[in-house]
Amino acid sequence: MFSGMILDPGWRQDDFERLRDDAVNYLEVALRGQNDEELAKDVLCSRVYAGHPYERHNAGTASSLHALTVARVKEFYLAQFAQENLTIALGGGFPAGFESRVRRDFAVLPLKGRNQGELPAAPEVRANELYLVEKAARGVAISLGFPIGVTRGHADFPALLLAASALGQHRMSSGRLFTRMRQLRGLNYGDYAYIEHFPGGMYTLEPLPNVARRRQMFQLWVRPVDREYAHFALRLALHELERFVRDGLTPEEFARTRSFLSKYVNLLLKTKLAELGYAVDSDFYGTAPYPEYVRAGLRELSLEDVNAAIRRHLRWEGLKIVMVGEGMTEMRESILANRESPMTYNSPKPDEILAEDEVVMRRVIQVAPENAVVVGVEQVFA
Amino acid sequence: MKVIAMRDGSPLVTIQVVFGTGSAQDPAGQGGVAWMATAMLASGGSRTLTYKQILDALFPIGARRSFGGVLPDVQRDDPRSWLAAG
Amino acid sequence: MGQHDVFAYEYEQHDFANGLRLITVPAPYPEVVSLYIVVQAGSRNEVEEGRSGFAHFFEHMMFRGTPEYPPERYEAVMQETGASSNAYTDDDRTVYHSTMTKEDFERVLAVEADRFQNLAYPLEGFQTEALAVLGEYNKDSAEPVNKLFEVLRDTAFDTHTYKHTTMGFLRDIERMPQMYEYSRTFFDRFYRPEYTTLVVAGDVRADEVLAQVERHWGGWVRGSYECMVPVEPPPGGAREAHIEWPTYTLPYVMVAQRAPAFSDESSEGAALDLIGFLGFSESSPIYERLVIEEQSVDLLWASNADHVDPYLFTVMARVKEKERVGAVREAVLETLCGFAEAPVDGQLLANVKSHLRYRFALGLNNSEAIASTLAHYVSLRRTPETTNKLYRLYEAVTPADLQAVAAKYFGEAGRCVITLWEGGR
């Protein structure tokens, strides 16, 4: 039955209509309607890869989905689901002879698929761009980033992995961004940094396998901030990013983060499915098994290596910035005019924080008016 | 075809099928076609069984079927676990 | 897999003199240990007016330091261990969890023991954290299902604390910065050994864990607070509410029926669990009709969520067109009432029992999954044995039991229907 589903699909019109409704509703309801944070991330990805095949949302757009037919989908399947690009991972207590049976079953697929062509490099992002999505909401979701030339297997990958962990390990309270933005200032629920595509961040505490990409980007995820403080929060995130890139990690941060990651990677292969997923990913990137790959890379790193890699690949200008929330026309004006965005608190703060806020509230973000766009949420992936 | 086999003594069998294609291959004007192709395999019927028949067959053994999703470069179909026969 | 003991791992259960309980499950997954600290206090325990959401807020405060481990030091130690750690709160429990490699287990156990016994945070940290909680409310507020639950509880309950969600009423969240004194009271009441169970699963020896826990947690002082949660009066008739949602959404309909408390003794709850699957799973007739054939609904689920006190059996459907909401609601009600009218097919019932048993066993495939599953049951009955008892109840449920439980609980008197669609901008 399992192979039947993949190798001998039914191509029924009623299945197609149900699943197309699901895809359209995924874009229009789940994403645009109900998940401002994932929307901000997906829009960011689309903006970072403007003009590149990655610009398109994985589910397309509502209108492109409506234009599809079963025949088109079948045609894609026949052209793309070929033996040459197939990887099957088997785990657990399968019986002897199972592997050869699976090979035989899948041999009904064509040997070769349509030529996929070269995937272009990511477009260069030189100037800051502001892409603001207007939507009624209690908070403002912020994501920002730029393409990087580092994927797993690149010499600087372990160094950047360590750097991103120190700046903002996903869903952990140890990162710098989390400490400075949430722990000390109570700005929002959390703030994190990534060097790899990380879909569905709100549903997982840990990175998941099977999301490999040939091109990667660096990004910051600033969870929804009160509208009144959103401009300040954006400035603070950039202030921290600049400080991080200029000054790098402290020796103490370096030691702690290296210790953390060296152990943490051992916890990621919890289930058989995760183990298979990581094995498939390692095969995709051409690296040793992930935990060994990361541990070996970390072992050889020095603080200077990490700080040099940060300076080589990261930056605080030339960013795509996406915000989703209410009052975006005003936000645009405020950012273009570099209006002061004072921060107020419900409790006394240490002088160090207040002094830093004085600087942050005036931080200049250079955006040319033509690079600052406000769109209605209904226009996104429409 | 590449097969990565990681056999052990567990009573479970887990299979993951990954195709090296994805939304980056969507032809112009056909955004979402990779997504729909994978959805049709993972959550639609086969030629011999309707989707309902597949759901009914998998239900009693608690087999988990997940539509791993579509990315620009890879599509993960149907990772699943079930108890080996016996 | 044995017919009777669905929880197939050996475990040790130990009670310390101060009332703390330890459950250790040596599991066949090398190198990794998972620690779940279960406090039997959640939003159910927010018995005083104006304190909704406090248990969850307090969970945040547990990360705000002790004299020995101020927040920066706590973070540094946890980071060095490479532990993956977090916490969550719901109606009946607050759970702090860490998963780590085995050589760091005792260190994590020690810093956790320190914060459970010596938590001390300044007013400033307290007030700042209240803002982070508001940020959490804000991030959740884009999701209509959160609002549906908020209104469902408020409509369905009059006196019991299940009236509010774990996040709490917004008006209470906004007042949290003024509740510093109360936060000390909350800690003093509930963060006590007699409310707490440690679940340890993984590459450990039970005798070693016992000695380690004694060393770090043995001196914790027992408390005396007994929480009197108001009893909800019997339902007095069907209730309804409607929500106008300010942004684009598909319409939702939620049908809830008052249901009994979790029990591993009485089979009523077990029977309702089974009805949830028989009636509304992917393999159910209504799913076939509404989702696969008519395609008028794209999401459908039912849940008889385990609770310490009587809660709700809930069915939710997301409907593709507003005009169909009434018909979907009728179909859900017909399905519910149908269970009282005629016995279900024995084979279908057997399929659901099989599904549940396999799903439970398949889910326990790593140390963290074992500990997190037990954390849920431990907060209800404080022992893994309750899972075995529950699954024995499932086995014993007959079609006649289903009919009886449906007749008892699916009447109009205990019903609450909530709808939501776009409007009111």
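- When each of A:Asp283, A:Asn85, A:Thr87 is checked for a side-chain hydrogen bond (donor to acceptor under 3.5 Å, both in side chains) with B:Lys2, only A:Asp283 meets the rule.
- A side-chain donor-acceptor contact under 3.5 Å links A:Asp15 to the backbone of B:Gly45.
- Pairing each heavy atom of A:Leu273 with each of B:Thr14, the nearest pair is CD1-CG2, 3.6 Å.
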Show your reasoning for whether side-chain contact (heavy atoms from CB on, under 4.5 Å) applies to A:Arg18 and B:Tyr51.
CA-CA 11 Å; A:Arg18 171 173 52 83; B:Tyr51 181 52; 3.1 Å; yes

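- Interface check for chain B: of the options A:His52, A:Lys272, A:Arg56, the most heavy-atom pairs under 4.5 Å are formed by A:Arg56.
- Within the 4.5 Å cutoff, no side-chain heavy atoms of A:Phe76 are placed close to those of B:Gln30.
- The number of heavy-atom neighbours closer than 6.0 Å to CZ of A:Arg12, taken from other residues, nucleotides and ligands shown, is above 12.
- Your options are A:Leu7, A:Val280, A:Leu86, A:Val73, and the one with the most heavy-atom pairs under 4.5 Å with chain B is A:Leu86.
- Of the listed residues (A:Arg103, A:Glu99, A:Glu275), the one with the most heavy-atom contacts under 4.5 Å to chain B is A:Arg103.
- The minimum heavy-atom distance linking B:Gly29 with A:Ser64 is given by the pair O-CB, 4.3 Å.
- Looking at A:Leu109, only its side chain comes within 4.5 Å of chain B, counting heavy atoms on both sides.
- Counting non-hydrogen atoms of neighbouring residues, nucleotides and ligands closer than 6.0 angstrom, the NZ atom of B:Lys52 exceeds 12 such neighbours.
- The closest side-chain heavy-atom distance from B:Val18 to A:Phe284 is not below 4.5 Å.
- The side-chain hydrogen bond (donor to acceptor under 3.5 Å, both in side chains) check on A:His57 picks up A:Asp42, with sequence neighbours excluded.
- For the atom pair CZ (A:Arg114) and CD (B:Gln25), the distance works out to 7.0 Å, reported to the nearest 0.5 Å.
- Among A:Gly60, A:Gly92, A:Pro9, A:Gly10, the residue with the largest count of heavy-atom pairs under 4.5 Å with chain B is A:Gly92.
- With A:Phe94 as the aromatic partner, B:Arg7 meets the cation-pi criteria of under 6.0 angstrom to the ring centre and within 45 degrees of the ring axis.
- A:Gly4 and B:Ser46 make their closest contact through O-CB, 3.6 Å (heavy atoms, listed as atom of the first residue, atom of the second, distance).
- Interface residue A:Leu19: backbone and side-chain heavy atoms are both found under 4.5 Å from chain B.
- Note that OG1 of B:Thr48 and CE of A:Met5 are 11.0 Å apart. Values are rounded to the nearest 0.5 Å.
- A search for side-chain hydrogen bond (donor to acceptor under 3.5 Å, both in side chains) contacts involving A:Asn35 returns A:Tyr203, not counting sequence neighbours.
- Rounding to the nearest 0.5 Å gives a distance of 11.0 Å between CD of B:Gln16 and CD1 of A:Ile88.
- Among the candidates A:Ala67, A:Ala79, A:Ala96, the residue making the largest number of heavy-atom pairs closer than 4.5 Å to chain B is A:Ala96.
- The two residues A:Leu119 and B:Ala24 make their nearest non-hydrogen contact at CD1-CB, 4.4 Å.
- We find the CG-OG1 distance between A:Asp14 and B:Thr50 to be 9.0 Å, quoted to the nearest 0.5 Å.
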With side-chain contact (heavy atoms from CB on, under 4.5 Å) as the test, would you mind laying out the steps for B:Val3 and A:Phe106 before giving the verdict?
CA-CA 11 Å; B:Val3 178; A:Phe106 281 83; over 6 Å; no

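- In this structure, chain B has heavy atoms under 4.5 Å from both the backbone and the side chain of A:Gln80.
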Full working for side-chain contact (heavy atoms from CB on, under 4.5 Å) between A:Leu90 and B:Ile4
CA-CA 6 Å; A:Leu90 306 174; B:Ile4 300 172; over 6 Å; no

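- Of the two parts of A:Phe381, neither the backbone nor the side chain holds a non-hydrogen atom closer than 4.5 Å to a non-hydrogen atom of chain B.
- Rounding to the nearest 0.5 Å gives a distance of 14.0 Å between CD1 of A:Ile6 and CE of B:Met40.
- A:Ala82 touches chain B through its backbone: at least one of N, CA, C or O sits under 4.5 Å from a heavy atom, while the side chain does not.
- Put simply, CG on A:Leu27 and CH2 on B:Trp35 are 7.0 Å apart, with the number rounded to the nearest 0.5 Å.
- Heavy atoms only, all atoms of each residue included: A:Ala107 and B:Met1 are closest at N-CE, 3.9 Å.
- Note: A:Gln83 leads A:Glu75, A:Glu84, A:Arg20, A:Gln83 in heavy-atom pairs under 4.5 Å with chain B.
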